[in-house]
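Along the sequence shown, the residues carry numbers beginning at 1. Order of appearance sets the numbers: ligands from 1, and atoms from 1 within every ligand.
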Amino acid sequence: MEDYDYLFKIVLIGNAGVGKTCLVRRFTQGLFPPGQGATIGVDFMIKTVDIKGEKVKLQIWDTAGQERFRSITQSYYRSANALILTYDITCEDSFRCLPEWLREIEQYANNQVVTILVGNKIDLAEKREVLRQRAEDFAEAQSMLYLETSAKESDNVEKLFLDLACELIREAKQNKLDNNDTAPMPGEGKTISYLSCCSLM
Ligand SMILES: Nc1nc2c(ncn2[C@@H]2O[C@H](COP(=O)(O)OP(=O)(O)OP(=O)(O)O)[C@@H](O)[C@H]2O)c(=O)[nH]1
């Protein structure tokens, strides 16, 4: 018997250095890692949360933003229930690349995927290059949810994952989601337990 009511697969994507790994580690381990290095390929973490009495197991896949890993990371989109498309509010370039990421989503993700746009590093307000309104307008035009976070200060990180879990439950109850329980991620399977602390290549 399963030890959860729902299992959802969440994949973080976005330019290198925008803070994807820090968001995942803040949520799953409650810490902001000092000197976080670039992700190689894909990392994987699990956290089970309680949403209104229901046990929701979140499989969180943290992908490398560097271009050279793109062919590996693209293969993780298809089984995702949700994508967290992340940019850095202090880096105009990471915002300007969003249309490119949306093309990737259109090409590789399933049609029912829930996508949320996240502007990270709001603790660096004095260095902000992307106005909140501009990002909100962009997200609305693309029918995406939008949230601003700080992995460093823990602002909105819990909210990001819990809101996403609520939205996924809502969609699941309306039978809108692909039934991905049987659609494994690349490399997922009998080796999953030891992969939880490693990078997947
Ligand atoms: N000030 C501040 N720095 C952050 C925040 N989140 C991440 N960083 C810093 O940004 C840098 C990149 O963070 P990562 O989490 O490795 O970024 P990433 O998107 O996973 O990068 P790749 O693995 O290369 O795709 C690190 O130096 C972090 O310390 C944040 O919320 N605020």
Side-chain angles (χ1 to χ4, degrees), residues 9-47 58-77 80 82-105 108-109 115-132 134-136 138-139 144-164 185-187 195-201:
K9 301 178 184 188
I10 298 175
V11 179
L12 283 92
I13 59 173
N15 277 19
V18 298
K20 299 180 294 297
T21 303
C22 289
L23 286 167
V24 173
R25 296 199 61 186
R26 169 62 76 192
F27 178 63
T28 57
Q29 300 174 318
L31 55 82
F32 182 71
Q36 177 60 49
T39 303
I40 307 297
V42 178
D43 277 340
F44 164 76
M45 298 215 116
I46 280 187
K47 182 159 172 165
L58 302 176
Q59 269 188 14
I60 305 171
W61 300 79
D62 170 26
T63 65
Q66 288 177 42
E67 185 83 39
R68 65 196 170 108
F69 296 115
R70 210 53 57 83
S71 60
I72 299 165
T73 56
Q74 283 160 349
S75 58
Y76 287 81
Y77 292 33
L83 293 170
I84 299 178
L85 174 55
T86 313
Y87 76 96
D88 172 354
I89 62 137
T90 73
C91 178
E92 168 74 24
D93 200 41
S94 71
F95 184 79
R96 241 190 272 132
C97 285
L98 292 177
E100 198 184 308
W101 286 105
L102 290 177
R103 278 194 293 278
E104 295 247 319
I105 293 171
Y108 298 104
T115 307
I116 182 164
L117 179 64
V118 168
N120 188 39
K121 306 195 187 180
I122 53 169
D123 56 288
L124 300 175
E126 70 288 354
K127 292 189 179 159
R128 182 187 277 271
E129 291 185 359
V130 183
L131 289 179
R132 187 190 177 109
R134 189 171 152 220
E136 277 176 355
F138 180 83
M144 287 186 286
L145 307 167
Y146 180 67
L147 198 62
E148 294 198 339
T149 57
S150 167
K152 187 174 184 186
E153 301 296 331
S154 201
D155 280 344
N156 278 343
V157 178
E158 191 96 341
K159 179 175 168 54
L160 165 63
F161 287 94
L162 297 187
D163 281 4
L164 210 42
M185 290 292 194
L195 291 172
S196 63
C197 62
C198 304
S199 294
L200 303 178
M201 287 288 297

Are any of the side-chain nitrogens in Glu148 or Arg128 under 4.0 Å away from the carboxylate oxygens of its partner? yes
Asn120 N/O under 3.5 Å from ligand 1 N/O: yes
When you compare ligand 1 with Gly65, is there at least one nitrogen or oxygen pair between them that comes in under 3.5 angstrom? yes
So for ligand 1, is Gly17 a polar contact partner (N or O within less than 3.5 Å, distance only)? yes
N or O pair under 3.5 Å between Pro33 and ligand 1: no
Could you check whether Lys20 pairs with Asp62 (Lys NZ or Arg NE/NH1/NH2 to Asp/Glu carboxylate O, under 4.0 Å)? no
4.0 Å protein heavy-atom contact status of atom 14 (P) of ligand 1, strictly under: yes
Between Leu124 and ligand 1, which residue portion shows a heavy-atom distance shorter than 4.0 Å: side chain, backbone, both, or neither? side chain
Find all atoms of ligand 1 within a distance of less than 4.0 Å from any non-hydrogen atom belonging to Ser150, and give their numbers and elements. 31 (O)
Asn156 side chain vs Leu147 backbone, donor-acceptor pair below 3.5 Å: no
Ring centroid separation Tyr108 to Tyr76 under 6.0 Å: no
I need the atoms of ligand 1 closer than 4.0 Å to a non-hydrogen atom of Lys20, numbered in the order shown. 15 (O), 17 (O), 18 (P), 19 (O), 20 (O), 21 (O), 22 (P), 25 (O)
Would you mind running through ligand 1 and noting each atom that sits below 4.0 Å from a heavy atom of Asn15? 19 (O)
For Gly19, is at least one N or O under 3.5 Å away from an N or O on ligand 1? yes
Looking at Arg134 and Glu92, does any basic side-chain N land under 4.0 Å from a carboxylate oxygen? yes
Side chain, backbone, both or neither: the part of Ala38 lying under 4.0 Å from ligand 1 by heavy atom: both
Would you check the N or O atoms of Gln66, main chain and side chain alike, for any that come under 3.5 Å of an N or O of ligand 1? no
Could you give the distance from CZ (Arg103) to CD1 (Ile105), rounded to the nearest 0.5 Å? 11.5 Å
Any chance NZ of Lys47 has more than 12 other-residue heavy atoms, nucleotides or ligands included, within less than 6.0 Å? yes
Side-chain donor-acceptor pair under 3.5 Å between Thr149 and Asn120, yes or no? yes
Can you check whether Phe32 has an N/O within less than 3.5 Å of an N/O in ligand 1? no
Ligand 1 to Cys22, heavy atom cutoff 4.0 Å, flagged ligand atoms 6 (N), 7 (C), 13 (O), 15 (O), 28 (C)
Between Thr21 and ligand 1, which residue portion shows a heavy-atom distance shorter than 4.0 Å: side chain, backbone, both, or neither? both
Consider side-chain contact (heavy atoms from CB on, under 4.5 Å). Of Leu83, Leu145, Ile10, Leu85, which one does Ile116 pass it with? Leu145
